There are 2 protein chains.
Amino acid sequence: MNFSQVTLFEGIQEQDCRAMMDCFGVTLRSFRAGQTILEYGSGNSLVGILQQGAASLVRVDRDGNRTVLEHLGPNSVFGELLAFPCVGMDSMWVRCEDDCEVAMLRYDQITKRCERACAHHSRLVENFFGLMRHKAMALSERVEVLSRRSIREKLSAYFLLLSLKNRSKRFQLPFSYSFLADYICTDRSAMMRELRNMKEERLLQTQGREILLYPAFFQLTGSVDKRLE
Amino acid sequence: MNFSQVTLFEGIQEQDCRAMMDCFGVTLRSFRAGQTILEYGSGNSLVGILQQGAASLVRVDRDGNRTVLEHLGPNSVFGELLAFPCVGMDSMWVRCEDDCEVAMLRYDQITKRCERACAHHSRLVENFFGLMRHKAMALSERVEVLSRRSIREKLSAYFLLLSLKNRSKRFQLPFSYSFLADYICTDRSAMMRELRNMKEERLLQTQGREILLYPAFFQLTGSVDKRLE
DNA sequence: TATAAATTGTTGCAATCGCAACAAGTATAC
DNA sequence: GTATACTTGTTGCGATTGCAACAATTTATA
């Protein structure tokens, strides 16, 4: 949430960016919704930084179960070198949800000694460092949700998180309910059932993908709804 | 697994370390098994790097459920600024499992411009960068396990992972079975039951905390047991 | 606009899981 | 060396969850 929104070229003059992109071997690429940016498991050492759009790291196991391992937004970093190697018969890839703009570079380029001694070299490394902190927090958030023991607790943890990010009891789901089920790693029908129960218990209300949390929700989760509209 | 084992002062001469530690405000602290290194939720901006020993980031929710969010070994980085803020009535802290040696510094010290212009300043930032990559992979590994849908799948994913790290079908659990249950976020008795089932199906064998995976285990998970002793 | 694909919503039923409770064994602390 | 805490192992039972299957609706595509 209170990510100091660092971007890759933060604090670097427009005119220097071009030169630095050459130096680091950064390429900008565009992808359309549905396209695959990277396929993991091939030993690819490319690292991507999402500049625009949304994407997700998806795993499909040998039984065909789809799992959304990470949901990526602007300034998210991804790449095989930053993920646990996929094992067994699973396949993993980063797929665009919307049209995306991605900056890509080879991992080993990041900390290499710069022959041309760009003035802003170390600044870029520091920026990248900030992006890595962003990623650690995003993954930690992921663990926060997945470590909950029941569907209700997972939903609650995720909804609370979205409401904090939005500073509001009312917020929009960033994706479909089917997708949400794969994100919290449960069966969709079981999730829908639990969601219905929560509505019947007056914990929340939904209207399409807009969700409104009632005071009872905050009581139950032991969190505060002060400061939130 | 194939972490290029970067340490904080990697590539920096012994004699320079002292000066740099002053410059960055790094302090070395020792903790005994069972002691708490950091309590999260207080807005503490300290970052720790485990030099020796093992520790874990533990959450206890308002119902008293204990969850092991992260298991930390040498060169693991931790700190409130690298984790999702704990919400609601949960409490979180980093606790030593063994006697530990920890290097601690303030987060904002890491990328600050160095007035004294230490020769190795940028090298240290790069090293820290490597530690952050290590952390991203560790968290990703955590998601890999927790995203599995059943106890059996979680156990399998974790065991496979340990066997890969050990390059062997035979390996030692790094903690107790009670702890393991909190690590894979399930009920201990249910986990023990599933473990028994797996033994009866000749997927594996245990002797205390030593586990041996049978060929049938690798067949079932669709992974290879070549290369492994 | 017609057609296909994806999403939402629902249900019965069986499998899995969590909980409570207990007993035996092992390590640790005083 | 005895008490205490922790760990391992087990069970019955009820609650939760996953699965299969289906229908209705919305969204995307030709």
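Throughout, protein chains are lettered first and strands after them, A, B, ... in sequence-line order, and every chain is numbered starting at 1. The basis for the numbers below is simple: all heavy atoms, side chains too, and nothing from hydrogens, waters or symmetry mates. Worth saying up front: this structure is predicted, and the values here are computed from it rather than measured.
- For B:S140 (side chain) and A:A83 (main-chain N/O), no donor-acceptor pair under 3.5 Å exists by modelled atom type.
- Geometrically, B:R202 does not engage B:F217 in a cation-pi contact, judged by NZ or CZ lying under 6.0 Å from the ring centre and within 45° of the ring axis.
- A cation-pi contact, defined as under 6.0 Å to the ring centre and within 45° of the axis, is absent between A:R188 and A:F179.
- Of the possible donor and acceptor atoms, none in the side chain of A:K199 sits under 3.5 Å from a partner among the backbone N and O of A:Q205.
- Judged purely by atom type and a 3.5 angstrom limit, B:D99 uses its side chain to pair as donor or acceptor with the backbone of B:A33.
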Show me the protein contacts with nucleotides 24-26 of chain C, counting only N or O atoms at under 3.5 Å.
none

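- C:dT7 atom P lies 9 Å from atom CZ of A:F179, rounded to whole Å.
- Side-chain N or O atoms of B:Y177 include none that pairs as donor or acceptor with a backbone N or O of B:M192 at under 3.5 Å.
- Within residues 53-72 of chain B, no residue approaches DNA chain D, by heavy-atom distance under 4.0 Å.
- Evaluation of atom-type donor-acceptor distances gives a pair under 3.5 Å for the side chain of B:S189 against the base of C:dC19.
- The outermost nucleotides of DNA chain D lying under 4.0 Å from heavy atoms of chain A, listed 5' to 3', are D:dT17 to D:dA20.
- Checking side-chain atoms of B:R142 against main-chain N and O of B:L69 turns up a donor-acceptor pair under 3.5 Å.
- A donor-acceptor distance shorter than 3.5 angstrom exists from the side chain of A:E153 to the backbone of A:R149, with no hydrogens or angles considered.
- In terms of polar N and O atoms assigned as donor or acceptor, the side chain of A:R188 comes within less than 3.5 Å of the base of C:dG9 in a complementary pairing.
- Side chain of A:R62 to backbone of B:L220: a donor-acceptor contact under 3.5 angstrom is found.
- Taking atom CG of residue A:L173 and atom P of nucleotide C:dT7, one finds them 13 Å apart after rounding to whole Å.
- For the residue pair A:N75 and A:H134, the shortest heavy atom distance occurs at O-ND1, 4.3 Å.
- Listed for the A:R66 side chain is no donor-acceptor partner under 3.5 Å among the backbone atoms of A:R59.
- Taking every heavy atom of residues 190-212 of chain A and every atom of DNA chain D, pairs under 4.0 Å involve A:A190, A:R193, A:E194, by number.
- A cation-pi arrangement is present between A:R133 and B:Y107 under the rule of less than 6.0 angstrom and at most 45 degrees off the ring axis.
- Axis deviation across the helix from C:dT1-D:dA30 to C:dC30-D:dG1 amounts to 70°, comparing end segments of five pairs, rounded to 10 degrees.
- Rounded to whole Å, atom P of C:dT16 lies 14 Å from atom CG of A:D187.
- A donor-acceptor pair under 3.5 Å is absent between the side-chain atoms of A:K154 and the main chain of A:L146, judged by distance alone.
- Under the 6.0 Å distance and 45° angle rule, A:R106 does not count as a cation-pi partner of A:F24.
- Counting only distance, with no hydrogens or angles, the side chain of B:E80 and the backbone of B:G41 share a donor-acceptor pair below 3.5 Å.
- One can place CG of A:D182 at 11 Å from P of C:dT8, the figure rounded to the nearest angstrom.
- Protein atom CZ of A:R149 is 16 Å distant from nucleotide atom C1' of C:dT16, rounded to whole Å.
- When the ring pair (Phe, Tyr, Trp, His ring centres under 6.0 Å) test is applied to B:F128, the partners found at least two apart in sequence or on another chain are A:F129.
- If you take CZ of A:R148 and C1' of C:dG18, they are 17 Å apart, rounded to a whole angstrom.
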